[in-house]
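This report refers to the structure that appears directly beneath it.
It should be emphasised that the depicted structure is a prediction, and the values quoted were computed from it without experimental measurement. Proteins come first, then strands; the chains are lettered A, B, ... in the order of their sequence lines, and each starts at number 1.
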Amino acid sequence: MNDTSKEKESSKSLNFIQAIIEEDLRQGKNEKRVHTRFPPEPNGYLHIGHAKSICLNFGLAQQYGGKCNLRFDDTNPTKEEVEYVDSIKEDVHWLGFDWEDREYYASDYFEILYDYAITIINKGKAFVCDMSAEEISANRGTPTRPGKESPYRDRSIEENLDLFRRMRAGEFKEGSHTLRAKIDMSSPNMHMRDPVMYRIMFDHHHRTGDKWCIYPTYDFAHGQSDYIERITHSVCTLEFEVHRPLYDWFLDQITEPGSYRPHQYEFARLNLSYTIMSKRKLLELVKEKYVNGWDDPRMPTISGLRRRGYTPESIRYFADKIGVAKRDNVIDVALLEHSIREDLNKRALRRMAVIRPVKLVIDNYPDGLVEYMDATNNPEDPESGVRKMSFSKELYIERDDFMEEAPPKFFRLKPGGEVRLKYAYIVKCEYIEKDKDGNIEVIHCSYDPETRSGMPQSNRKVKATIHWLSAAHSKLAEIRLFDRLFTVEIPDEAEEGKDFKDYLNPDSLEVVQGFVEDSFQDVKALDKFQFERLGYFCVDPDTDANKLILNRTVTLKDAWAKIERKQS
RNA sequence: UGUCCGAUGGUGUAAUUGGUAACACGUCUGACUCUGGAUCAGAAGACUCAAGGUUCGAGCCCUUGUCGGACAACCA
């Protein structure tokens with residue numbers, strides 16, 4: 001980083017959370033510690049929205065010399081699985097963040113949480129309720145109408161203690177009892193209407209096994225976990241805003257006034273145009289096979305983006321660009337695409353590939369001759385050097401690079417026209433050969449031997465330069481062309497009688513057989529390249545010795561495509 | 001008819017004790033180019049939700065309203 005960009009970095013305006021932290025630091029709060037946490041529930045794969053939160057939480061810790069914990073919020077055994085724990089750890093690491101030895105689980109705190117509950121019962125501020133879920137719900141009231149107090153609300157402390165102990169001991173049926181906080185059934189905030197703290201569930205927990213049959217709810221676990229871990233700034237998304245009074249209420253019960261306590265701050269979750277972010281809906285796409293798993297390159301999951309060819313750097317750059325605020329937002333996918341182009345342009349090696357091949361024969365080129373052309377590996381990186389590309393009489397070029405009846409703005413190959421074959425010769429289209437259905441089979445050209453790249457005569461101006469492959473020296477590859485998963489900007493806003501699945505893009509995946517340079521010998525999964533004039537591609541992990549599979553991450557910006565779009 | 005939160009170009013985010021709207025993406029020109037890429041130069045685009053008020057001065061403060069979002073799992 002040079003001086004000016006460093007300056008830019010330090011003078012960059014603060015987001016509202018940074019402003020709060022700096023103010024806290026100024027006032028010497030929390031012994032000037034900054035300690036955050038990323039608290040996923042292991043019930044699904046992480047997506048780009050989580051990446052925003054990860055970059056925020058770990059980024060804040062980094063920026064202020066603090067720490068960030070990874071904490072699994074695993075208080076509901078019915079939904080949580082180790083598979084998800086593993087994928088989450090992999091994804092956070094891949095994004096470039098390290099929680100060191102601070103890998104925590106809310107379930108590690110079950111015993112402490114139980115003791116906190118006892119404390120609150122002893123204060124007369126919690127009670128065991130015998131109502132069913134339906135009854136509790138029916139008595140909760142509505143946002144505008146107060147709820148009714150439970151008939152069990154005034155049990156004695158001794159009785160509550162005894163009942164709660166027996167709940168833990170497994171004496172009661174699932175759903176028959178809960179432990180509830182005694183707050184205020186007429187509170188305008190629904191979450192303060194005697195919320196449930198513990199429920200009975202005879203499920204096997206992915207970590208504690210069958211040790212427990214009562215589990216704390218999110219509200220009774222989260223703030224206390226923050227407290228146990230000595231978190232200073234507990235950053236979460238906006239939907240938890242209404243939970244904050246409850247978060248503070250529970251902490252009031254277990255902390256001394258004026259002593260350390262964590263604080264919750266909420267920011268707006270990320271929404272991306274042409275995609276969905278709800279875990280539930282993503283799970284639906286996976287389960288109902290609309291996509292090929294959580295890591296399908298069309299998914300906004302971290303694993304999907306990784307397989308698509310996104311880099312951690314590009315995602316961190318993206319997270320930085322979108323900012324952090326409290327208003328609802330929909331980020332243009334174009335910004336995500338810009339982020340990966342920005343990164344890969346500097347780093348990706350250039351290669352030639354032909355996705356929709358058509359044969360081009362240079363009639364006046366000697367039969368059997370093979371020349372080796374110098375091709376630059378990356379014009380943005382002088383260190384990257386050159387490679388040799390085999391050139392011969394029979395080539396493949398892109399079908400789109402030829403038009404029989406070309407509009408004036410089409411600069412590429414047309415009958416009687418000339419075009420530069422990159423790193424090779426200028427060729428002229430003499431005539432075309434079609435099959436009986438009128439499809440072009442072969443484009444016959446002549447070449448000018450004086451125009452080979454680097455020769456004195458080679459700087460003759462032609463309107464366009466196209467990419468090519470020597471037919472005899474190319475390698476077959478399966479190429480997967482991805483497009484946005486949905487056809488509308490906000491699939492969640494479905495019209496009457498439709499749901500988000502009605503807006504799935506039928507053309508989100510196109511598989512074609514194309515060719516790549518024969519230099520593709522020992523590539524490995526997720527290696528990234530720019531195919532000249534086409535876009536950025538990466539090697540799909542399904543690639544094996546007999547089959548090379550390439551995923552298109554994103555196209556290059558395409559001025560011609562834009563002109564075409566306007567004309568149609 | 002409740003409580004809480006929010007409202008700044010097409011999109012997102014800024015504007016540090018009130019001083020006259022900035023940056024990024026996108027869009028559009030042009031230059032350059034053996035990638036219609038990249039790069040470079042430039043342009044258009046916001047009377048800051050509305051109406052009042054305080055003030056010499058308001059995107060920032062106050063009042064009222066409008067619109068949008070969240071909240072009625074023993075989910076997180």
* Could you walk me through whether Arg350(A) and Thr376(A) pass the side chain to side chain donor-acceptor pair (under 3.5 Å) test, one step at a time? => CA-CA 7 Å; Arg350(A) 313 292 132 122; Thr376(A) 306; over 6 Å; no

* To do: Could you tell me whether Arg351(A) sits above the aromatic face of Phe531(A), with NZ or CZ closer than 6.0 angstrom to the six-membered ring centre and within 45 degrees of the axis?
  => no

* Is the Lys NZ or Arg CZ of Arg199(A) less than 6.0 Å from the centre of Tyr215(A)'s six-membered ring, within 45° of the axis? -> no

Same-atom distance ([atom1]) from [N] to [M], integer angstrom:
N	M	atom1	result
rU16(B)	rG52(B)	P	26 Å
rG53(B)	rG30(B)	C1'	50 Å
rC60(B)	rU55(B)	C1'	13 Å
rG42(B)	rA22(B)	P	15 Å
rC5(B)	rC61(B)	P	14 Å
rU33(B)	rC28(B)	P	23 Å
rG10(B)	rA44(B)	P	15 Å
rC32(B)	rA41(B)	C1'	11 Å

* To do: Only pairs at least two apart or in different chains count here, so list each side-chain hydrogen bond (donor to acceptor under 3.5 Å, both in side chains) that has a residue in residues 270-279 of chain A.
  => Asn43(A)-Lys279(A)

* Gln530(A) side chain to Tyr536(A) side chain, donor-acceptor N/O pair below 3.5 angstrom -> yes

* Donor-acceptor pair between Asp184(A) and Ser186(A) side chains, under 3.5 angstrom -> yes

If you check the [X] side chain, which of [options] turns out closest?
X	options	answer
His338(A)	rG26(B), rC74(B), rC75(B)	rG26(B)
Lys326(A)	rC5(B), rG2(B), rU11(B)	rC5(B)
Thr144(A)	rC75(B), rG2(B), rG69(B)	rG2(B)
Glu239(A)	rA76(B), rC74(B), rU3(B)	rA76(B)
Ile322(A)	rG12(B), rU11(B), rC71(B)	rG12(B)
Asp328(A)	rG69(B), rC28(B), rU13(B)	rG69(B)
Pro143(A)	rA72(B), rA76(B), rC25(B)	rA72(B)

* Asked: Can you list the steps and then say if Glu229(A) with Arg37(A) is a salt bridge (Lys or Arg N to Asp or Glu O under 4.0 Å)?
  -> CA-CA 9 Å; Glu229(A) 294 176 18; Arg37(A) 100 269 90 113; over 6 Å; no

Under 3.5 Å between N/O atoms: give me all the protein pairs with nucleotides 14-17 of chain B, atom names plus distance.
{"residue": "rA14(B)", "atom": "OP1", "partner": "Val324(A)", "partner atom": "O", "Å": "3.2"}
{"residue": "rA14(B)", "atom": "O2'", "partner": "Ser13(A)", "partner atom": "OG", "Å": "2.9"}

* Asked: For Tyr152(A), which residues count as a ring pair (Phe, Tyr, Trp, His ring centres under 6.0 Å) partner, sequence neighbours excluded?
  -> none

* Structure fact -> Here the residues of residues 240-251 of chain A within 4.0 Å heavy-atom distance, strictly under, of RNA chain B are Phe240(A), Glu241(A), Val242(A), His243(A)

* Could you list by number each residue of residues 126-133 of chain A showing a heavy-atom separation from RNA chain B of less than 4.0 Å, or answer none if no residue does? => Met131(A), Ser132(A), Ala133(A)

* Residue-phosphate contact under 4.0 Å: Lys562(A) side-chain N/O, rC28(B) OP1/OP2 -> yes

* When you check the phosphate oxygens OP1 and OP2 of rA73(B), does a side-chain N or O of Ser137(A) lie under 4.0 Å from one of them? -> yes

* Any donor and acceptor pair, going by atom type alone, linking the side chain of Glu380(A) with main-chain N or O of Arg347(A) inside 3.5 Å? -> no

* Asked: Do any N or O atoms from the side chain of Arg155(A) and from the backbone of Val128(A) form a donor-acceptor pair under 3.5 angstrom?
  -> yes

Looking for any heavy atom pair under 4.0 Å, which part of the strands does [X] touch: base, sugar-phosphate only, or nothing?
X	value
Met201(A)	sugar-phosphate
Thr178(A)	base
Asn189(A)	nothing
Thr75(A)	sugar-phosphate
Val330(A)	sugar-phosphate

Separation of [X] atom [atom1] from [N] atom [atom2], in whole Å?
X	N	atom1	atom2	result
Lys148(A)	rA72(B)	NZ	C1'	14 Å
Asn271(A)	rA70(B)	CG	P	10 Å
Ile490(A)	rG10(B)	CD1	C1'	13 Å
Arg145(A)	rU1(B)	CZ	P	14 Å
Leu336(A)	rU11(B)	CG	C1'	14 Å

* **Per-nucleotide protein contact string for nucleotides 30-43 of chain B, where B marks a base within reach and S marks sugar-phosphate only (heavy atoms under 4.0 Å, - for neither)** => ----BBBBS-----

* May I ask you to decide whether Lys428(A) forms a salt bridge with Asp448(A), counting only side-chain N to carboxylate O separations under 4.0 Å? => no

Can you name the residues that form a side-chain hydrogen bond (donor to acceptor under 3.5 Å, both in side chains) with [X], not counting sequence neighbours?
X	result
Arg26(A)	Glu23(A)
Asp492(A)	Lys281(A)
Asn329(A)	none
Tyr198(A)	none

* Asked: Under a 90° cut-off about 0 for the syn range, is rA73(B) syn or anti?
  -> syn

* **side-chain contact (heavy atoms from CB on, under 4.5 Å) partners for Lys557(A), two or more places apart** => Arg341(A)

* When rounded to the nearest 0.5 angstrom, what is the spacing between CZ in Arg180(A) and CZ in Phe127(A)? -> 4.5 Å

* To do: Assign the ring pair His191(A) / His243(A) to parallel, tilted or perpendicular, where the plane angle (0 to 90°) is split at 30° and 60°.
  => tilted

* **Ring centroid separation Tyr218(A) to His222(A) under 6.0 Å** => yes

* **5' priority, RNA chain B, between Glu489(A) and Arg140(A) [closest heavy atom]** => Glu489(A)

* Base-paired stems in RNA chain B, each at least three Watson-Crick or G-U pairs under 3.5 Å -> B:2-7 with B:66-71, B:10-13 with B:22-25, B:27-31 with B:39-43, B:49-53 with B:61-65

